[in-house]
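Okay, structure first, notes after.
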Amino acid sequence: MSLVVMKFGGTSVANIERIRNVAKRCAKVAEQGHEVVVIVSAMSGETNKLLALAHEAGGEIPDPREMDALAATGEQVTAALTAMALQQAGKPARSLLGHQVRVLTDNAFTKARIRTIDGTKIGETVKSGQICVIAGFQGVDDHGNITTLGRGGSDTSAVAIAAAINADVCEIYTDVDGVYTTDPNICPLARKIKHISYEEMLELASLGAKVLQIRSVEIAMKYGVPVHVRSSFSDAEGTIVTSEDRFSPSEMERMTVAGVAYDKNEAKLTLRDVQDQPGVVAKIFGALAEKNISVDMIIQNVATGGAAATDVTFTVTKADVARAKSVIAEIGKIVGMKELVVDDQVVKVSIVGLGMRSHAGIAAKMFELLAGEGINIQAISTSEIKVSCLIAAKYTELAVRALHTGFGLDRKDVKEEGA
Ligand code: ADP
Ligand code: ASP
Ligand code: MG
C-alpha cells in the first residue's frame with residue numbers, strides 16, 4: 001500500500017463532468033488499496049475571473065489581504081465539489097481548506113511561502129478510510145489571515161503536502177501528458193521527456209514552463225519527493241521529475257540543450273536619464289526590494305562621452321508593474337530620472353540544459369538563430385545551465401520553434417513524416 005498525492009489542475013476540474021472523472025480516477029487508486037490525498041485547483045479561468053473582479057472593486061492595486069481572501073474561494077469550490085463527487089462514486093471523502101489543514105505561510109499576500117504543514121488532520125482523515133481532498137493554492141498566516149501561494153500555486157501545495165505526509169509519490173495531473181522539450185501547445189514538434197532532473201525542471205519552471213510552479217520543484221528537490229507529471233485525460237505514463245542519479249542521464253545529457261521555455265509574464269521598465277553615479281542603482285533596486293518586488297533582468301550602460309546620465313532597464317512580473325511604477329515615481333525624483341517607459345509586449349525566451357556547462361558557443365548559437373529570424377534581442381541573461389533573451393512578444397512562437405529546431409530537439413517521427 002502506498003500513500004499517493006494526486007493534484008488536479010484547472011482544466012482537469014473545469015466542469016462537473018470532469019470533476020466526476022477526477023473522482024473516478026481517485027476512487028480507482030483507492031480501490032487498489034492505496035491511501036489517497038487529492039489536491040485541487042480552481043476550475044479553469046476561475047482565478048482570472050476573481051482577480052478581474054478584485055480590480056473592478058479595488059482599483060489598480062487592490063488590498064492584497066482581500067485579494068487573497070477572494071482568490072482562495074476558487075479552490076474552496078472545487079474541493080467541496082470533488083469530495084461530493086467522490087461520495088457519489090461510493091467513496092467516503094472529506095474536503096479541507098488550507099487553514100483547516102494548517103498550511104502555515106508567511107504573510108506575503110498573493111505570493112506567500114509555506115513555512116510548515118501540519119499533517120495531523122490529513123493523517124486522521126486518511127486513516128479513517130476517507131479520501132482527503134484539499135484546496136490547493138491557499139494557506140493561512142500567523143494571524144489567521146488567508147494567503148495564496150502565487151499563480152500556479154496548487155502545484156506547490158501538492159508537493160509540500162506530499163513532503164509533509166511522507167507520500168510515496170506526488171502525481172500532477174494536467175492538460176498535457178508530461179513535461180516536453182518545450183510547450184507542446186506552441187511547438188508541435190516538442191518531445192515528451194521521460195525523466196527530468198529536479199535541477200533542469202527548476203530552470204524550465206523558473207523560465208516560464210508553467211507546467212510546474214517553480215516553488216513546487218524547489219520543495220520536491222529539497223525533500224526528495226518524486227513527482228509524476230501526467231495527463232488527467234489518459235493513462236499514458238508522463239514525466240518523472242527526480243534526482244539526476246535516479247535515472248540514466250543519457251537521454252538528457254546527449255542533448256546540450258534539454259528544453260526551450262518562454263515567459264510572457266514579464267514587463268520591461270526603462271528609467272531614462274538617471275544620474276550616472278555610485279549608489280543610484282542601489283537606491284532604485286533597494287526601493288523595489290523593500291516593497292517585495294522581485295526584479296529579473298537588469299541592464300545598465302555606463303554613460304559615455306562625459307554624459308552625466310544613463311538609462312537603467314529591468315524586468316518585473318506583469319502583476320508587479322503597477323506597484324513598481326509607484327515605487328519608481330518616488331525614487332525617480334531622487335535619482336534625476338527624466339522619464340519612465342513601460343513595455344509589456346515582451347517575452348523572455350530561454351534555453352536550458354545541464355550539458356551547457358561543458359559546451360562553449362551555445363549563447364552565440366542562440367543569438368544567431370534569433371538573428372536568422374530577424375528577431376532583435378533587447379536584454380540577455382545567462383547562468384551555467386541557461387541563456388535567456390528578452391524579445392518582442394509577437395515573435396514568441398517563431399523564436400521558440402527556431403530554437404527548438406536549431407538545437408536539435410524536434411521530434412524525429414514528425415520530421416520524417418513531413419520530409
Ligand atoms: P494546470 O491548470 O493543470 O495546473 P497549467 O496550465 O498550469 O496546468 O500548466 C500546463 C500547461 O503548461 C500546458 O498546457 C502547456 O501549455 C504549458 N507548458 C509550458 N511549457 C511546457 C513544457 N515544457 N511541457 C509541458 N507543458 C508546458
Ligand atoms: N488557481 C490558481 C491559479 O490559477 C492556482 C493553480 O491553479 O495552481 O493560479
Ligand atoms: Mg498550473
Side-chain angles (χ1 to χ4, degrees), residues 6-14 18 22 39-52 67-68 70-79 98 110-112 134-139 147-160 170-194 196 200-217 227 229-233 236 238-239 241 257-265 317 319 347-353 396-397 400 403-404 409 411:
M6 304 170 76
K7 178 259 169 179
F8 295 88
T11 325
S12 314
V13 291
R18 289 195 183 166
V22 164
I39 318 290
V40 286
S41 293
M43 291 172 159
S44 67
E46 208 47 46
T47 309
N48 286 346
K49 262 189 225 157
L50 291 168
L51 295 181
M67 288 262 272
D68 278 2
L70 179 70
T73 61
E75 273 70 13
Q76 176 162 355
V77 170
T78 41
T110 75
K111 46 182 161 193
I134 302 171
F137 184 50
Q138 50 176 265
T147 55
T148 66
L149 308 178
R151 298 309 305 268
S154 297
D155 298 330
T156 300
S157 307
V159 176
C170 180
E171 298 190 316
I172 303 282
Y173 287 87
T174 184
D175 56 3
V176 285
D177 62 1
V179 178
Y180 280 69
T181 44
T182 193
D183 184 348
N185 286 326
I186 74 159
C187 181
L189 296 177
R191 270 187 303 121
K192 185 155 86 179
I193 303 170
K194 253 181 152 171
I196 189 166
E200 273 176 318
M201 192 60 235
L202 202 59
E203 283 292 342
L204 281 177
S206 75
L207 295 169
K210 67 172 182 160
V211 62
L212 285 177
Q213 197 201 36
I214 177 169
R215 283 285 297 143
S216 71
V217 189
V227 175
V229 179
R230 56 192 308 190
S231 167
S232 53
F233 305 108
T239 300
V241 189
V257 172
V260 180
Y262 67 95
D263 189 352
K264 284 187 169 172
N265 203 24
T317 64
V347 65
K348 184 174 71 174
V349 287
S350 308
I351 51 171
V352 174
T396 309
E397 295 191 6
V400 168
L403 295 173
H404 199 266
L409 295 173
R411 272 168 59 188

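Note that ligands are numbered from 1 as they come in the structure, with each ligand's atoms numbered from 1 the same way.
Residues Ser154 and Glu75 are in side-chain contact: their nearest non-hydrogen atoms beyond the backbone lie under 4.5 Å apart. Arg230 is listed as a side-chain neighbour of Glu171, based on a closest heavy-atom distance under 4.5 Å.
With sequence neighbours excluded, the residues that form a side chain to side chain contact (heavy atoms under 4.5 Å, CB included) with Leu70 are Leu50, Ala54.
Although no hydrogens or angles enter the test, the distance criterion places a donor-acceptor pair under 3.5 Å between the side chain of Ser157 and the main chain of Phe137.
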Short N or O contacts of ligand 1 with protein, under 3.5 Å, listed by atom name?
unit_1: ligand 1; atom_1: 2 (O); unit_2: Gly10; atom_2: N; d: 3.1
unit_1: ligand 1; atom_1: 3 (O); unit_2: Thr174; atom_2: OG1; d: 2.6
unit_1: ligand 1; atom_1: 4 (O); unit_2: Lys7; atom_2: NZ; d: 3.2
unit_1: ligand 1; atom_1: 6 (O); unit_2: Lys210; atom_2: NZ; d: 3.2
unit_1: ligand 1; atom_1: 7 (O); unit_2: Lys210; atom_2: O; d: 3.4
unit_1: ligand 1; atom_1: 8 (O); unit_2: Thr174; atom_2: OG1; d: 3.1
unit_1: ligand 1; atom_1: 14 (O); unit_2: Asp175; atom_2: OD1; d: 2.8
unit_1: ligand 1; atom_1: 14 (O); unit_2: Asp175; atom_2: OD2; d: 3.4
unit_1: ligand 1; atom_1: 14 (O); unit_2: Asn185; atom_2: ND2; d: 3.1
unit_1: ligand 1; atom_1: 16 (O); unit_2: Asp183; atom_2: OD1; d: 2.8
unit_1: ligand 1; atom_1: 16 (O); unit_2: Asp183; atom_2: OD2; d: 3.1
unit_1: ligand 1; atom_1: 16 (O); unit_2: Asn185; atom_2: ND2; d: 2.8
unit_1: ligand 1; atom_1: 23 (N); unit_2: Tyr180; atom_2: O; d: 3.0
unit_1: ligand 1; atom_1: 24 (N); unit_2: Tyr180; atom_2: N; d: 2.9

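Scanning the protein heavy atoms around atom 7 (O) of ligand 2, the nearest turns out to be Ser41 OG, 3.3 Å. What sits closest to atom 6 (C) of ligand 2 on the protein, heavy atoms only, is Ser154 OG, 3.5 Å. Closest protein heavy atom to atom 4 (O) of ligand 2: Arg151 NH2, 2.9 Å.
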From CA spacing to verdict: side chain to side chain donor-acceptor pair (under 3.5 Å), Asp68, Thr147:
CA-CA 5 Å; Asp68 278 2; Thr147 55; 5.3 Å; no
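For the residue pair Thr317 and Asn265, no side-chain donor N or O sits within less than 3.5 Å of a side-chain acceptor on the partner. The closest side-chain donor-acceptor pair between Thr156 and Gln213 falls under 3.5 angstrom.
The NZ atom of Lys210 sits 8.5 Å away from atom OG1 of Thr174, with the distance rounded to the nearest 0.5 Å. Atom-to-atom distance recorded for Cys170:SG and Ile39:CD1 is 7.5 Å, nearest 0.5 angstrom.
Ligand 2 does not have Gly10 within reach: every non-hydrogen atom of the residue lies 4.0 Å or more from it.
For ligand 2, the atoms sitting less than 4.0 Å from at least one non-hydrogen atom of Gly152 are 3 (C), 5 (C), 6 (C), 8 (O), 9 (O), numbered in the order shown with element in parentheses.
In terms of N/O distances under 3.5 Å, ligand 2 is approached by Thr47.
Contacts with ligand 2 closer than 4.0 Å are made by side-chain heavy atoms of Glu75 only, the backbone lying farther away.
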